[in-house]
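Written out below as structure tokens is the structure these notes cover.
Lettering follows sequence order; numbering is per chain, from 1.
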There are 2 protein chains.
Amino acid sequence: MDTRSRLDDDPSFLLARANAVSVQAGNAALAAHGLRVRSYAVLALSAAADAPTQRELADHLRLDPSQVVALVDDLEARGLVTREPDPSDRRTRVVRITRAGRPALEAAERDLRAAESPLHDRLTPSQRAALPGILRALAFPVEP
Amino acid sequence: MDTRSRLDDDPSFLLARANAVSVQAGNAALAAHGLRVRSYAVLALSAAADAPTQRELADHLRLDPSQVVALVDDLEARGLVTREPDPSDRRTRVVRITRAGRPALEAAERDLRAAESPLHDRLTPSQRAALPGILRALAFPVEP
DNA sequence: GCATTTCGTTGAGAAAGTCAATGATTGAAT
DNA sequence: ATTCAATCATTGACTTTCTCAACGAAATGC
């Protein structure tokens with residue numbers, strides 16, 4: 001019969017396990033900054049030139065809007081982001097990184113990259129080059 | 001500044017989002033079989049020629065042993081797998097798929113593949129060929 | 001104007017992840 | 001041989017994450 005499990009050839013299973021490895025390493029690296037991969041992602045997106053609304057954060061991170069509320073609550077309470085009213089649409093709240101949030105983001109980013117690189121070092125250069133394109137196709141199935 | 005977020009170039013974020021897409025599609029496809037991606041993975045591994053112990057399931061799926069207990073409890077209650085004693089080590093319990101479990105696994109596998117294929121169809125042939133090797137390197141950082 | 005939709009928020013519950021402790025059993029070290 | 005430490009499955013508690021329904025405020029469509 002099959003001595004090796006078919007599951008080991010299933011991209012979805014491999015994807016899930018690779019993500020579990022990545023998330024665990026990421027959370028460990030971010031713990032020193034009081035962040036997790038989720039809150040880090042929100043903080044990173046809020047640093048964009050055109051700051052996102054909570055709805056845009058939810059869509060981009062594939063989170064429920066109620067999850068974004070909790071994440072922004074936490075970051076706002078720590079002074080890392082602000083909720084700004086949008087003059088053009090008073091329903092929405094724009095989440096923007098604060099002056100204090102920037103250095104926190106950069107420090108977290110450094111530690112995060114340091115934790116990720118040993119994982120990616122196991123890839124060949126061509127694999128490393130192909131990875132982002134592949135993942136983008138899988139992560140955004142219907143054109144963001 | 002950067003009009004496009006740096007997060008969109010972060011393989012870890014893309015991995016997380018791609019996994020979220022995959023898990024959601026997988027769970028939707030498996031719902032008709034009363035399974036989720038987790039329980040499906042346990043069922044699939046228990047179909048191997050040499051049935052795994054619960055510890056081996058936990059290691060392979062990167063789950064806490066207590067999670068495996070609950071998953072096997074459920075599958076066993078539904079008659080899809082059995083817990084067999086291992087004569088060579090009476091501490092361990094070997095999880096083996098049952099005669100009733102096999103057709104259930106195969107039916108679930110068909111629906112799961114059908115749900116995954118449209119996602120993978122977005123990849124070029126060379127990307128599709130490269131994906132398993134890349135994910136294996138990321139999913140098993142220290143040689144399974 | 002009026003109905004419908006969207007946004008953020010609250011709240012509740014299911015699913016998943018994490019950790020400590022325990023009894024039974026094994027393997028190792030004398 | 002007998003103790004000692006380690007392993008396995010299990011239970012239980014706790015946190016985090018996911019999912020869904022409802023609601024007030026505001027925008028959009030007609």
Taking CZ from B/Arg38 and P from D/dC18, how many angstroms apart are they, rounded to a whole number?
12 Å

Would you mind reading off the distance between A/Gln67 atom CD and D/dT19 atom C1', rounded to a whole angstrom?
8 Å

In whole Å, I'd like the distance from the CG atom of A/Asn27 to the P atom of D/dT15.
17 Å

If you measure only the distance, is there a donor-acceptor pair under 3.5 Å linking the side chains of A/Arg38 and A/Gln67?
no

Would you name the heavy atoms of B/Val69 and B/Arg83 that are closest together and state the gap between them?
O-NH2, 4.0 Å

Could you state the atom-to-atom distance from CG of B/Asp64 to P of D/dT15 in whole Å?
17 Å

Any chance you could list the contact pattern along nucleotides 23-30 of chain D? Use B for base contacts, S for sugar-phosphate-only contacts and - for none, protein heavy atoms under 4.0 Å, 5' to 3'.
---BS---

Within-4.5 Å side-chain heavy-atom neighbours: B/Leu138 and A/Leu123
yes

In whole angstroms, the gap separating P of D/dT10 from CG of B/Leu63 amounts to 14 Å

Round to a whole Å and report the spacing from CG of A/Asp59 to P of C/dT6.
11 Å

Sidechain N-carboxylate O distance under 4.0 Å for A/Arg110, A/Glu106:
no

Can you tell me if the side-chain N/O atoms of B/Arg36 get under 4.0 Å from OP1 or OP2 in C/dA16?
yes

Check this one for me: any side-chain N or O of B/Gln54 less than 4.0 Å away from OP1 or OP2 of D/dA9?
no

Just to confirm, is there a sub-4.0 Å distance from OP1 or OP2 of C/dA24 to any side-chain nitrogen or oxygen of B/Arg93?
no

Within the 4.5 Å heavy-atom criterion, are A/Asn27 and A/Arg36 side-chain neighbours or not?
yes

Nearest-Å distance, CD (B/Gln24) to C1' (C/dA15)?
14 Å

Looking across every strand, which nucleic acid part, if any, lies under 4.0 Å from A/Ser66 by heavy atom: base, sugar-phosphate, or nothing?
base

Nucleotide D/dT17, atom P - distance to CG of B/Asn19 in whole Å
15 Å

Using a cut-off of 4.0 Å on non-hydrogen atoms, how would the nucleic acid contact of B/Arg62 be classed: base, sugar-phosphate, or nothing?
nothing

Looking at every heavy atom in both A/Val21 and B/Pro141, which two are closest together, and how far apart are they?
CG1-CG, 3.8 Å

Check the orientation of A/Phe140 and A/His60. Use parallel for under 30°, tilted for 30 to 60°, and perpendicular for over 60°.
tilted

